[in-house]
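A short write-up of the structure that comes next.
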Amino acid sequence: SIRSKVLDMLGSKEGDWQSYRIVTGGVRGCHTRADDLKSTGPDLSRIGVCDEVREGSSKSVVLDASSDDEAVLGPIIDAGLDEIIPTIVGAVDDKNAVVICGPKGSPCRAKAKLEEKGYKSLTTLYSCPEKEDGMDKGQAIQMWREQMNTGGDFFPDEVVLCGRNAGGALRDIARMSSYPEVVVVDALAPSEHVSNVHEYFVKTWVNNVDEHFVFFVPILDATDEQRTSFLKSRLNSQDTDPEFYSEIY
């Protein structure tokens with residue numbers, strides 16, 4: 001054939017060449033055009049149809065997760081801390097942040113991650129190791145007052161939330177230091193902090209401060225009502241439902 005002779009003249013050996021054709025919308029009159037168009041561009045029949053993810057793949061998805069899966073879902077949480085927060089508030093070197101962790105000494109991924117970012121200030125609120133109903137109320141309040149005295153005129157860098165809830169502590173931070181632009185509840189922190197901060201602090205921000213802010217709450221367990229109800233209750237323009245609500249798996 002003419003093709004074979006041209007290839008021989010060019011010194012091309014078997015396996016060194018490929019044969020293909022390009023069919024575009026401008027090629028008319030070709031007797032195979034109807035079938036060619038079916039294979040031109042993306043396969044529209046595959047839209048929304050994902051390949052099966054093999055076991056052990058980095059693309060595997062954990063459904064019906066719990067706190068035991070925090071390490072597995074860590075990359076997703078880290079992506080939120082790395083990408084979502086600066087996208088909303090901008091550069092963080094002039095921003096104040098607060099992270100709420102579990103009891104002091106327990107793992108707190110959010111704190112470790114935020115410490116890498118170079119915030120102007122980072123305040124850590126540790127959960128009280130004992131339930132309020134298991135502590136003497138006067139003792140808990142005294143413990144809180146003693147902690148407040150360690151910071152002088154400013155709110156201390158680290159405190160334990162005995163004798164004070166998270167929402168109240170954030171109001172103290174705003175009064176003694178400055179309003180934080182970023183508040184993060186660690187994925188393993190007790191969920192009561194979420195509803196408490198939402199009730200007492202976020203509303204204060206919305207009503208009194210004309211700046212962008214982030215309240216970041218990872219949800220590991222879809223049955224965690226305090227975290228999921230917070231997400232679904234965030235309103236826009238006083239509407240009864242969120243303007244945007246999505247779940248990412």
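Between atom CG of residue L73 and atom CD1 of residue I219 there is a gap of 12.0 Å, rounded to the nearest 0.5 Å. Put simply, OG1 on T123 and CG on N96 are 7.5 Å apart, with the number rounded to the nearest 0.5 Å. Interatomic distance, H193 NE2 to L170 CG, rounded to the nearest 0.5 Å: 10.5 Å. In this structure, CG in D69 is found 10.5 Å from CD1 in I76, a value given to the nearest 0.5 Å. To the nearest 0.5 Å, atom CG of residue D221 and atom OG1 of residue T228 are 9.0 Å apart. Considering CG of L161 and CD1 of I100, their distance stands at 7.0 Å, rounded to 0.5 Å.
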Determine whether D78 and R109 satisfy the following criterion, salt bridge (Lys or Arg N to Asp or Glu O under 4.0 Å), listing intermediate values before the conclusion. CA-CA 8 Å; D78 290 347; R109 174 186 296 272; 3.1 Å; yes
Give the intermediate values and the outcome of side chain to side chain contact (heavy atoms under 4.5 Å, CB included) for residues D224 and L220. CA-CA 8 Å; D224 187 333; L220 296 179; over 6 Å; no
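Scanning for side chain to side chain contact (heavy atoms under 4.5 Å, CB included) contacts around K104 gives Y126, E158, with sequence neighbours left out. Residues meeting the side chain to side chain donor-acceptor pair (under 3.5 Å) test with S67, sequence neighbours left out: none. Legend: residues meeting side chain to side chain contact (heavy atoms under 4.5 Å, CB included) with A97, ordered by chain and number and at least two apart, are Y119, L122, V182. Partners of E225 according to the side chain to side chain donor-acceptor pair (under 3.5 Å) rule, which considers only residues two or more places apart in sequence or in another chain, do not exist here. Every residue was checked against the side chain to side chain donor-acceptor pair (under 3.5 Å) condition with S177, not counting sequence neighbours, and none meets it. For the ring pair (Phe, Tyr, Trp, His ring centres under 6.0 Å) test, no residue two or more places apart in sequence or in another chain qualifies with F216. Remark: D157 engages no residue in a side chain to side chain contact (heavy atoms under 4.5 Å, CB included) (not counting sequence neighbours). Every residue two or more places apart in sequence or in another chain was checked for a salt bridge (charged side-chain N to carboxylate O under 4.0 Å, His left out) with E211, and none qualifies.
Shown here for V185 and A189, the closest heavy-atom pair between the two residues is CG1-CB, 3.9 Å. Heavy atoms only, all atoms of each residue included: C162 and P129 are closest at SG-CD, 3.8 Å. Across L81 and A110, no two heavy atoms sit closer than the pair CD1-CA, 4.1 Å. Contact between M148 and V159 at its shortest, heavy atoms only, is CE-CG1, 3.7 Å. Looking at every heavy atom in both residues, A169 comes nearest to L125 through CB-CD1, 4.0 Å. Closest approach of E70 to A187, counting heavy atoms only: CG-CB, 4.2 Å.
Within the structure, side-chain hydrogen bond (donor to acceptor under 3.5 Å, both in side chains) contacts touching residues 81-93 (residues at least two apart or in different chains) are D82-K117. Within the structure, the disulfide (SG to SG under 2.5 Å) test picks out no pair touching residues 177-228 (sequence neighbours left out). Every pair passing disulfide (SG to SG under 2.5 Å) that includes a residue from residues 71-101 is listed here, sequence neighbours excluded: C101-C108. Residue pairs satisfying the salt bridge (charged side-chain N to carboxylate O under 4.0 Å, His left out) criterion with at least one member in residues 170-188, sequence neighbours excluded, are listed as follows: R164-D172, D172-R175.
Contact annotation: the side chain of V183 never approaches that of V214 to less than 4.5 Å [non-hydrogen atoms, C-beta and beyond]. Considering only heavy atoms from C-beta on, P218 comes within 4.5 Å of R227 through its side chain. In this structure, V184 and I85 have side chains that are in contact, with non-hydrogen atoms separated by less than 4.5 Å. When side chains are defined from C-beta on, V217 does not count as touching H198, because their heavy atoms never get closer than 4.5 Å.
Under the 4.5 Å side-chain heavy-atom criterion for Ile, Leu, Val, Met, Phe, Trp and Tyr, V160 and F155 are members of distinct hydrophobic clusters.
A donor-acceptor contact shorter than 3.5 Å links the side chain of K95 to the backbone of V89.
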